[in-house]
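This is a predicted model, so every value here is computed, not measured.
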Amino acid sequence: AEYMGYKYTPEMFRTWMNILAGVPGSVLWLLADNPWAQENLRREALACGIKENRLIFAPRAQPADYLARYRLADLFLDSCPFNGGTTANDALWMGLPVLTR
């Protein structure tokens with residue numbers, strides 16, 4: 001699922017890294033909106049023992065392509081302290097389970 005960087009905290013990111021650590025071969029799909037944030041997140045992932053190639057940064061897409069992405073995911077990890085809102089709703093609408101706090 002795609003996330004906007006201001007919607008989650010370092011604690012939430014570490015939680016996601018713990019999930020990745022516990023699920024071999026999994027990836028975290030994020031919005032490619034800010035190259036500086038991407039580099040910082042890759043660095044934080046490495047600090048958590050997660051290879052940077054397990055973070056997938058996808059550009060914004062047209063609505064049909066954006067919704068089609070949900071069919072490729074297994075689970076939507078909701079953000080905190082601000083939840084996914086419309087994004088989480090889109091995931092559910094496309095049949096993707098949502099894990100929220």
Side-chain angles (χ1 to χ4, degrees):
E2 295 180 2
Y3 295 99
M4 307 204 51
Y6 62 86
K7 287 197 168 193
Y8 54 87
T9 63
E11 175 190 23
M12 185 83 262
F13 187 76
R14 283 190 299 274
T15 298
W16 292 339
M17 294 302 97
N18 287 336
I19 292 170
L20 288 183
V23 183
S26 61
V27 297
L28 182 64
W29 200 338
L30 299 156
L31 180 62
D33 227 17
N34 179 325
W36 298 281
Q38 287 176 226
E39 199 52 43
N40 288 337
L41 292 173
R42 285 186 181 108
R43 188 172 36 255
E44 286 301 313
L46 286 171
C48 292
I50 302 298
K51 292 181 180 179
E52 61 184 80
N53 67 347
R54 294 183 67 193
L55 300 184
I56 307 297
F57 292 94
R60 292 184 182 274
Q62 293 299 314
D65 294 330
Y66 158 77
L67 291 172
R69 289 177 178 172
Y70 285 105
R71 293 189 199 107
L72 304 174
D74 296 313
L75 180 65
F76 181 99
L77 299 177
D78 201 5
S79 55
C80 184
F82 306 102
N83 69 9
T86 301
T87 310
N89 186 61
D90 291 342
L92 291 169
W93 186 56
M94 296 304 293
L96 182 63
V98 173
L99 178 63
T100 191
R101 185 172 178 185

Between [Y] and [X], is there a side-chain heavy-atom distance shorter than 4.5 Å?
X	Y	value
Leu28	Met17	yes
Arg14	Cys48	yes
Val27	Leu55	no

Residues two or more places apart in sequence or in another chain: which of them pass side-chain hydrogen bond (donor to acceptor under 3.5 Å, both in side chains) with Arg54? Ser26
Residues passing the side-chain contact (heavy atoms from CB on, under 4.5 Å) test with Asn18, sequence neighbours excluded, are none
Across all chains, not counting sequence neighbours, the side-chain contact (heavy atoms from CB on, under 4.5 Å) partners of Asn40 are Arg43
Among Leu31, Asn34, Leu30, which one satisfies side chain to side chain contact (heavy atoms under 4.5 Å, CB included) with Phe57? Leu30
Determine all donor-acceptor pairs shorter than 3.5 Å in which one atom belongs to a side chain in residues 88-101; sequence neighbours excluded.
{"residue": "Asp90", "atom": "OD2", "partner": "Tyr66", "partner atom": "OH", "Å": "2.7"}
{"residue": "Thr100", "atom": "OG1", "partner": "Asp78", "partner atom": "OD2", "Å": "2.7"}

What residues form a salt bridge (Lys or Arg N to Asp or Glu O under 4.0 Å) with Glu52, not counting sequence neighbours? none
Measuring from [X]:[atom1] to [Y]:[atom2], what's the distance to the nearest 0.5 Å?
X	Y	atom1	atom2	value
Leu46	Lys51	CG	NZ	10.0 Å
Thr15	Ile19	OG1	CD1	7.0 Å
Ser79	Trp16	OG	CH2	5.5 Å

